[in-house]
Amino acid sequence: MFDRSCNVFALNNFLNVIMIWSMSKYPFNEIEAKWQKYWEENKTFKTTEDPSFPREKRKYVLDMFPYPSGAGLHVGHPEGYSATDIWSRFMRMNGYNVLHPMGFDAFGLPAENYAIKTGTHPYVTTKKNIENFTRQLKSLGFSYDWDREISTCDEDYYHWTQWIFKKLYEKGLAYEASTPINWCPSCKTGLANEEVKEGRCERCGAKVEKKNIRQWILRITAYADRLLEDLDDLDWPESVKAMQRNWIGRSEGAAVFFKLENMDETLEVYTTRCDTLFGATYMVIAPEHPLVSKLTTPEQKDAVGKYLEEVKHKSDLERTDLAKEKTGVFSGSYAINPVNGSRIPIWIADYVLISYGTGAIMAVPAHDDRDWEFAKQFDLPIIEVLKSEVDVQKQAWTEDGIHVNSQWLDGLNKQEAIDKMLSWLEEHKCGHKAVNYKLRDWIFSRQRYWGEPIPLVHCPKCGTVTVPDDELPLTLPEVEKYEPSGTGESPLVNVDSWVNCKCPVCGGPAKRETNTMPQWAGSCWYYLRYIDPHNDKCFCDPEKEKYWMPVDLYVGGTEHAVLHLLYARFWHKVLYDFGLVSTKEPFQRLVNQGMITSFAYQKKNKSLVPVDKVEETADGKFIEKETGEEVTQVIAKMSKSLKNVINPDDYIKNYGADSVRMYEMFMGPLRESKPWATNGFMGVYRFLDRVWRIITEKTIVDDAPSAELDKLVNRTVKKVTEDTKDLNFNTAISQMMVLANELNKLEQVPKSALETFALLLSPYTPHLAEEMWEILGHKPSISKEKWPEYDEAKCVDDEVEIVVQINGKLRSKLMLPLGADRESVIAAAKADEKTKSWIDGKTIVKEIVVPNKLVNIVIR
RNA sequence: GCGAGAGUGGUGAAAUUGGUAUACACGCUAGUCUUAGGAACUAGUGCUCUCAGCGUGCGGGUUCAAGUCCCGCCUCUCGCACCA
């Protein structure tokens, strides 16, 4: 192609230097633009429901679609998206029909908050951001079928989000209630339990308050058991399954009814240890318990009132702080222990939560840390009922033990005692077996503008009625002010023309529901819409749904473990119960990509120093510029304050999308978190540059490859095939580097080797591979070619290195023919000079031969 | 406290069913070349007291053989957390 040496003699040195430079530099810019244009114009990745592909030759490969933020893609996006793209391209080349779509999770607070600040309609901002995301995604060369692109804020899309909500409503799975809910004072909206992390709003970090407002709630608890059981059949990371199990929090125990002294009421508690009932020395009800006022005696009224006031002013965060001292107040009333008739004082304390069980407990201080602490605080009696290895007056015994002080349970173990107590309770009608969940119903309404309107109408005569199907989509009206009222009503309240409507049933005046749906609504079913994105008759054609579902591979970050992934499973199960989808579960296989972190620097006092405040010395140490203090390099999350945020756009621009894709796959195992190292990135860039020089500067010959090269090519095909299939992209890439390094040593490169190499590269660096394919004289697109095969026989050597161990220690190495038998291996080992010097004069106890690997001679 | 996962060179990391620890890449050292570029090429690079010994967080164990299996610890990351 281009001969470097002649340029030394050229007259116009300057120009030639520029030429050498530009010619030998890998021209990713032109190559990538060229092939992106080709793919787009030729709709190379358009997917149809082609019936000629049998069931097992179809794959649905899904990415978690992005929220189109103003900041654009971050480095985490190309990680998961490259992984699914590589797999999709690989599967296509292996004869699969692959559905690989992309869209946008486009409703959400940032666009709305921006609208409040600037008055720009969220739709305008969102559209602009989507355009930018689309540009970025296309610049990475992902093989999406862009004809299937969706956006949750489009009317055509949320039409069906509303339609599915109606289904939930019709089934009694959506209900209206006025209960104390999590309220974010900063976002001015209610939140689901799943959106509260450590007592703070997941989105903005503000302390969450309790607020009593009217809400639409989805009865996800009705599906708790199925959401739990069906996890078993999913090919998901154990950690995500564990998080969902934990969140659903099923526990088995007993409901126990306590009669109240001098009152015609019973107090029901939930306990997992009904066998410890003889040790119950007091009871506690939550401050919000409905019986609080009834149980409060006149003498205790002032104290209780004061306590309730105190509790009211605590945030959730303060209430659940484990380190704080237990607080509480005596109600003045007593309950009767059903098993022994003893009087038990009833206390009110905020360590008991109204949201779990019945909001009331029987306290067994001898065997529960929290109850013990409370008993000590308020000087309540502690009775040992499980044989303890400690003095229960000094600390609680929370391990198992044989029952004592428990009359007819004495001497029994835990399970025997529980069973016996349960029968006793049921026989005496003062209790029964019970199951409890931590999972709460899903607070579904948001007091905000930028979301799907809930398709319901409130009629003074007919009550709550649904908007008829032919009036869907119920579109979001224009508003003048996006600011939420903060009183628990959405900005839609102010749009009289929209709010006031006719009742669809009686035709009389009625009002629309003004709350909107949470951002999660759209993502609960988007994977179904990709299957049939332009259908205006239904959300998804049932035949097409059967063609593709369930999703075969779903890749995304771990942050949705109990949010999106739980909600979507719930909606899917509801649709399944309606017969609208054919699978019980939406996502058969889930893979969490690890987070891409960055480096930062840490001082002796453990504080972190931003990257730009540190310099590296000649001997490889890191010094804080200002103070001269030596700092250590540590791995940290990317953050603006540490100045270590990597913007993928910069790297795409300066080094090309293929380098970004390949580096993110080369960094380490997909599932693990790993730091971005720009030096490592440059290594991958240099690798692609080398590949480019091989294809453009070496002489390409039609000769068959040497036996040695042929072996390496076959081995490379084998390794890349197996590793790509298993998502072990980092090791597949390292093998391709080995091949490139060998090819680079040759003067003349056989064409067949380069063809195979281009095919192997094509899922990883599709632009470069297309260009190579064309240079090698083929018609595009390489993505339509068949994946190369390998000959297993050619992957092994005729001669193998056999390791000689003496007593398990490596002492020598031999070259022997492949498949050499036990006797000849031992004979060869004994004939070896080095080995001889070790075994001479010693007694051989044992000889172990691992075929083609090693021989171990055990001597004494 | 409960649950999940991870500890291997100076760094990111490799290592099918137990069978040569450190592939590949970065960095570093030396050299070649060069109008100097996050260039290319060649050689080297776990540690040490170098005919050998020691090395996969620590301590034991099983085995001819342990990064891998078993037991007991330690550290770190993530999630949940007064859940009765």
Side-chain angles (χ1 to χ4, degrees), chain A residues 4 8 13-14 16-18 20-21 24-25 197-198 237-243 245-247 249 251 253 269-273 284 319-322 324 326 349-353 355-364 368-371 373-374 398 436-438 558-559 561-562 595 599 619-621 633 635 654-655 663 666-669 671-687 689-690 693 722 728 730-731 733-738 741 744-745 801-810 813 834 837 845-850 853-859:
Chain A
R4 252 169 192 264
V8 177
N13 268 338
F14 179 72
N16 273 318
V17 166
I18 297 292
I20 292 173
W21 188 78
S24 65
K25 226 48 191 175
K197 305 275 167 186
E198 291 174 9
E238 210 37 59
S239 62
V240 177
K241 287 195 191 183
M243 278 160 81
R245 286 194 187 107
N246 212 294
W247 191 259
S251 90
V269 303
Y270 173 75
T271 174
T272 53
R273 294 302 299 269
V284 183
R319 263 187 77 165
T320 55
D321 183 4
L322 279 167
K324 79 167 176 36
K326 294 266 179 296
D350 66 357
Y351 84 92
V352 169
L353 309 173
S355 55
Y356 186 76
T358 60
I361 62 153
M362 61 178 222
V364 184
D368 181 285
D369 288 323
R370 298 152 300 175
D371 295 347
E373 218 179 292
F374 191 84
T398 55
N436 240 299
Y437 298 93
K438 286 190 218 170
T558 189
E559 67 272 17
V562 287
M595 197 193 304
F599 288 111
D619 53 345
K621 287 183 177 149
Q633 194 179 48
I635 289 168
N654 293 321
Y655 302 100
Y663 173 60
F666 182 65
M667 292 169 80
R671 297 163 180 85
E672 251 133 76
S673 87
K674 50 228 169 252
W676 178 282
T678 300
N679 280 337
F681 174 86
M682 290 312 298
V684 168
Y685 172 71
R686 282 203 292 270
F687 162 60
D689 192 40
R690 188 173 307 144
R693 278 182 283 112
E722 289 170 355
N728 295 324
N730 54 329
T731 47
I733 294 167
S734 72
Q735 182 63 37
M736 290 193 270
M737 287 173 168
V738 172
N741 291 343
N744 199 37
K745 287 178 189 158
E801 191 181 65
I802 303 283
V803 170
V804 182
Q805 295 182 341
I806 309 293
N807 288 353
K809 286 210 176 359
L810 173 69
K813 290 174 180 179
K834 264 198 206 160
S837 66
V845 183
K846 205 170 181 183
E847 288 154 340
I848 294 111
V849 175
V850 180
K853 283 240 168 80
L854 65 75
V855 51
N856 187 11
I857 300 171
V858 185
I859 58 170

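Lettering of chains follows the sequences in order, A, B, ..., and the numbering in each one begins at 1.
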Do the side-chain N or O atoms of A:Ser251 get closer than 4.0 angstrom to the phosphate oxygens (OP1, OP2) of B:A84?
yes
Nearest to side-chain heavy atoms of A:Thr272, which nucleotide of B:G3, B:G12, B:A84:
B:A84
Using a 4.0 Å heavy-atom cut-off across all strands, classify A:Val269 as base, sugar-phosphate, or nothing.
nothing
Taking the side chain as everything from C-beta on, heavy atoms only, tell me whether A:Glu847 gets closer than 4.5 Å to A:Val849.
no
NA contact type, A:Phe666, heavy-atom cut-off 4.0 Å: base, sugar-phosphate, or nothing?
base
Within the 6.0 Å centroid threshold, strictly below: A:Trp676 and A:Phe599:
no
How long is the span from the CE atom in A:Met595 to the CD1 atom in A:Ile635, to the nearest 0.5 Å?
12.0 Å
Is the phosphate of B:A14, meaning OP1 or OP2, less than 4.0 Å from a side-chain N or O of A:Asn728?
no
Among A:Val855, A:Val858, A:Ile857, which one satisfies side chain to side chain contact (heavy atoms under 4.5 Å, CB included) with A:Ile848?
A:Val858
Take N1-N3 plus N6-O4 or O6-N4 for Watson-Crick, N1-O2 plus O6-N3 for G-U, both under 3.5 Å. Which runs of 3 or more such pairs involve RNA chain B?
B:1-7 with B:74-80, B:10-12 with B:24-26, B:27-32 with B:40-45, B:46-48 with B:52-54, B:57-61 with B:69-73
Do the side chains of A:Tyr351 and A:Glu373 get nearer than 4.5 Å, heavy atoms only?
no
With a 3.5 Å cut-off and just heavy-atom distances, do the side chain of A:Asn679 and the base of B:G38 make a donor-acceptor pair?
yes
Contact between A:Tyr356 and A:Ile361 at the side-chain level, heavy atoms closer than 4.5 Å - yes or no?
no
Kindly compute the distance separating CG (A:Asp369) from CZ (A:Phe374), expressed to the nearest 0.5 Å.
15.0 Å
Quantified in whole Å, what is the P atom distance between nucleotide B:G18 and nucleotide B:U63?
16 Å
If I pick the P atom on B:C70 and the same atom on B:A6, what distance separates them, to the nearest angstrom?
13 Å
Please give, in whole Å, the distance from B:C28 P to A:Met682 CE?
14 Å
With a 4.0 Å cut-off on heavy atoms, is A:Glu801 in touch with a base, just the backbone sugar-phosphate, or nothing at all?
base
Expressed as a whole number of angstroms, how long is the span from A:Gln735:CD to B:A15:P?
12 Å
Please measure how far the C1' atom in B:U50 lies from the corresponding atom in B:A39, and state the result in whole Å.
38 Å
Assess whether one donor atom and one acceptor atom, taken from the side chain of A:Lys197 and the base of B:C80, lie less than 3.5 Å apart.
no
Sub-4.5 Å side-chain heavy-atom contact between A:Ile859 and A:Lys846:
no
Distance between the C1' atoms of B:U22 and B:A14, in whole angstroms?
7 Å
What's the separation between atom CD in A:Glu801 and atom CG in A:Leu854, rounded to the nearest 0.5 Å?
11.0 Å
Would you indicate, yes or no, if B:C24 has its OP1 or OP2 atom less than 4.0 angstrom from a side-chain nitrogen or oxygen of A:Asn730?
no
Apply the test side chain to side chain donor-acceptor pair (under 3.5 Å) to residues A:Ser251 and A:Tyr270: give CA-CA distance (whole Å), side-chain angles for both, the deciding distance (0.1 Å), then the verdict.
CA-CA 10 Å; A:Ser251 90; A:Tyr270 173 75; 2.6 Å; yes
Do we see a donor-acceptor contact under 3.5 Å between the side chains of A:Arg690 and A:Asn741?
yes
Find out whether A:Met737 and A:Ile733 are in side-chain contact, i.e. whether some heavy atom of one side chain is under 4.5 Å from a heavy atom of the other.
yes
Contact class for A:Ser673 vs. all strands (heavy atom < 4.0 Å): base, sugar-phosphate, or nothing?
sugar-phosphate
Would you kindly give the NZ-to-C1' distance between A:Lys809 and B:G55, to the nearest whole Å?
11 Å
What is the distance from NZ of A:Lys674 to C1' of B:A25, rounded to the nearest Å?
15 Å
What integer distance in Å separates A:Met243:CE from B:U77:C1'?
13 Å
Nearest to the side chain of A:Lys853 - B:G38, B:G19, B:G3?
B:G19
Atom-pair distance (CG on A:Asp369; C1' on B:A81), nearest Å
14 Å
Please give, in whole Å, the distance from B:A4 C1' to A:Glu672 CD?
13 Å
Which whole number of Å gives the distance between the C1' atom of B:A23 and that of B:G67?
15 Å
Which whole number of Å gives the distance between the C1' atom of B:U17 and that of B:C54?
29 Å
For a quick check of understanding: with a heavy-atom distance under 4.0 Å over all strands, which category does A:Ala242 fall into, base, sugar-phosphate or nothing?
sugar-phosphate
Just checking A:Asn741: base, sugar-phosphate only, or nothing, at a heavy-atom cut-off of under 4.0 Å?
sugar-phosphate
When we call it a touch if two heavy atoms are under 4.0 Å apart, what does A:Lys438 touch: a base, just sugar-phosphate, or nothing?
base
How is A:Pro237 classified with respect to the nucleic acid when contacts are heavy atoms under 4.0 Å: base, sugar-phosphate, or nothing?
nothing
Report which part of the nucleic acid A:Val850 touches: base, sugar-phosphate, or nothing (heavy-atom distance under 4.0 Å, all strands).
base
Syn/anti label of B:G9 as read from its glycosidic torsion, with the cut at 90° from 0
syn
I want to check something: taking the side chain as every heavy atom from C-beta on, are A:Phe687 and A:Met736 in contact at a cut-off of under 4.5 Å?
yes
Where do N or O atoms of nucleotides 62-64 of chain B meet protein N or O atoms at under 3.5 Å, pair by pair?
residue: B:C64; atom: OP1; partner: A:Lys846; partner atom: NZ; Å: 3.3
residue: B:C64; atom: O2'; partner: A:Asn856; partner atom: ND2; Å: 3.2
residue: B:C64; atom: O2; partner: A:Asn856; partner atom: ND2; Å: 2.6

Side chain of A:Ser734 - closest among B:G19, B:G12, B:A23
B:A23
Any N or O donor-acceptor pair linking the side chain of A:Tyr663 to the base of B:G12 at under 3.5 Å?
no
Closest listed nucleotide, where the reference is the side chain of A:Tyr270 and the choices are B:G79, B:A84, B:A39:
B:A84
Mind checking whether A:Asn728 and A:Pro669 have side chains closer than 4.5 Å, heavy atoms only?
no
Report all interatomic pairs (protein N or O, nucleotide N or O of nucleotides 41-44 of chain B) with separations under 3.5 Å.
residue: B:C41; atom: OP1; partner: A:Arg690; partner atom: NE; Å: 3.4
residue: B:C41; atom: OP1; partner: A:Asn744; partner atom: ND2; Å: 2.7

Provide the distance between the two P atoms, one in B:G59 and one in B:G55, to the nearest whole Å.
9 Å
Rounded to whole angstrom, note down the P distance from B:G10 over to B:U45.
15 Å
If we only count heavy atoms from C-beta on, is the A:Tyr655 to A:Met682 side-chain gap below 4.5 Å?
yes
Between B:A81, B:G19, B:C24, spot the one nearest the side chain of A:Trp247, thanks.
B:A81
Write down the distance between CD1 (A:Ile857) and C1' (B:A65), rounded to a whole number of angstrom.
14 Å
So, is A:Arg686 close to the B:G38 phosphate, meaning a side-chain N or O under 4.0 Å from OP1 or OP2?
no
Could you work out which one of B:C82, B:A14, B:A4 sits closest to the side chain of A:Thr731?
B:A14
